[in-house]
Amino acid sequence: MGVPTLACHCAVCESEDPHDKRTRPSVLLAYGGRNVVIDTTPDFRFQAMRAKIDRLDAVIFTHGHADHVMGLDDIRPYNLKQRSMVPIYGSLETLATLRRQFAYIFEEAPPGSTVPLVELRTIDGPFDLYGLKITPVLAKHGSQPVFGFAFGRAAYLTDFSGVPETSKALLQGLDDLILDALRYVPHPTHSTVEQSLALVRELKPKRAWFTHICHDLGHEAANARLPENVRLAYDGLSFEVQF
Ligand SMILES: [Zn+2]
Ligand SMILES: [Zn+2]
Ligand SMILES: [Zn+2]
C-alpha cells in the first residue's frame, strides 16, 4: 500500500525519516547502457523520474498483482522516444493477467491515441537479456505462483510465503539477496521478518535486504533489531552486483 499508508496516522506513517517514505516495490537493473525494470508499480512514473531512467529496454514481471503492474501504461514515453516496442517478460499466468488488466493495449487502438507498445515474452526458464543471464526462481505467494529472479551474484524475491527446495538451490550463498519481509505479524501470502531471517540463515547471502515493507516497520527501529548483514531496503537504495 506504500508508506505513509493513506488515511493512517501511526508513528511510522508520520515519521520524518525519509527512509520511511516507501513507494511500491520495484528494481532497476542498469548494465551495459541498458535499463531493465522488475515490475512497473503504480509509482513507476515517479520512480523512473527519480532514478532518471532515460531509456527502458525491458520489463520483467514477478506476478500480476496491482502493486506490481499498474504503472505499465507509463512506459509510453519510452516507446515514443525509442521508436520501438518494449519487451515484457512474465510467466504464462502473469502475461494472461496483463492481457485482462490492460485489454486496451492488445485491442486495435483508436487513431491518434497512444497505448503502450509491448512484445510479450513468456518466461519458461533462464533467459539472456542483453548479455545478462536472468534465472527465474519459482516461489509460492499464498496459493499463487510468483517469480523471483537471480542475476549475477544477486537475487530479487518479493511477494512470497514459501520457497521450494529446488528454488532455494538457486539462491544459495549469493552476495546480495533482496527478499520480502512485509511485517512482524504473520500474513497468508507474505513472508514475515522472522520467516525471512530464517531463510537468510539457510541461504547464507553476504547481505540481505528486506523489501515490500509495510508501515508496521519503522526503518531505524526495525534495522536496530536485525543482524548486521540484514538491512531494510529503502527507496533509492543502489548497489553494484557482480556478474
Ligand atoms: Zn501507518
Ligand atoms: Zn503480490
Ligand atoms: Zn506486492
Side-chain angles (χ1 to χ4, degrees), residues 1-29 37-48 59-74 88-102 123 136-149 155-164 167 177-193 195-196 199 208-223 225 232-235 237:
M1 292 178 192
V3 182
T5 298
L6 288 177
C8 183
H9 299 282
C10 74
V12 175
C13 289
E14 307 248 294
S15 161
E16 300 282 317
D17 183 348
H19 296 102
D20 286 319
K21 311 284 182 227
R22 299 184 179 280
T23 57
R24 267 56 70 86
S26 177
V27 165
L28 165 66
L29 308 179
V37 292
I38 301 182
D39 293 336
T40 52
T41 81
D43 302 308
F44 171 71
R45 178 174 172 274
F46 168 75
Q47 293 167 331
V59 181
I60 310 173
F61 284 107
T62 57
H63 65 309
H65 282 169
D67 53 332
H68 298 262
V69 305
M70 282 302 164
L72 180 59
D73 192 72
D74 285 322
I88 301 292
Y89 291 79
S91 67
L92 259 184
E93 297 97 314
T94 299
L95 297 183
T97 302
L98 288 171
R99 280 180 179 279
R100 278 201 312 279
Q101 288 165 322
F102 294 92
I123 299 174
V137 180
L138 190 62
K140 292 289 268 186
H141 185 21
S143 61
Q144 292 189 329
V146 63
F147 269 151
F149 297 102
Y156 180 66
L157 181 60
T158 188
D159 291 62
F160 72 92
S161 48
V163 183
S167 294
L177 175 63
I178 306 160
L179 72 168
D180 182 9
L182 182 75
R183 62 188 193 189
Y184 296 114
V185 183
H187 189 282
T189 66
H190 285 275
S191 186
T192 62
V193 168
Q195 289 162 343
S196 291
L199 191 59
W209 303 96
F210 285 171
T211 190
H212 214 294
I213 291 152
C214 85
H215 62 158
D216 290 7
L217 273 63
H219 189 77
E220 207 180 300
N223 261 339
R225 295 170 60 171
L232 266 61
Y234 52 87
D235 277 49
L237 168 69

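Position 1 is the first residue of the sequence; numbering continues from there. Counting starts at 1 for both ligands and their atoms, in listed order.
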dist H215:NE2 -> R22:CZ (nearest 0.5 Å) comes out at 12.5 Å
Q | Side-chain donor-acceptor contact under 3.5 Å, T158 with T211 | A | no
Within a strict 2.8 Å cut-off of the Zn ion (ligand 1), protein N/O/S atoms tallied 4
- Query: Just by distance, with hydrogens left out, do D67 and H65 show a side-chain donor and acceptor under 3.5 Å apart?
  - Reply: no
Q) Are D74 and T40 side-chain neighbours, meaning at least one heavy-atom pair lies under 4.5 Å? A) no
Could you go step by step and tell me if T94 and F147 meet the side chain to side chain contact (heavy atoms under 4.5 Å, CB included) rule?
-> CA-CA 10 Å; T94 299; F147 269 151; over 6 Å; no
Decide if atom CD of E220 counts as having more than 12 heavy atoms of other residues, nucleotides or ligands within a radius under 6.0 Å.
no
Practice task
Applying side chain to side chain donor-acceptor pair (under 3.5 Å), run through R183 and H190 and close with a yes or a no.
Solution key: CA-CA 9 Å; R183 62 188 193 189; H190 285 275; over 6 Å; no
*asked:* Please tell me whether H141 and D159 have a donor and an acceptor in their side chains that are separated by less than 3.5 angstrom.
replied: yes
Atoms of type N, O or S from the protein that sit nearer than 2.8 Å to the Zn ion (ligand 3) number exactly 4
>> When you compare the side chains of D235 and T23, does any donor N or O come within less than 3.5 Å of an acceptor on the partner?
In response: yes
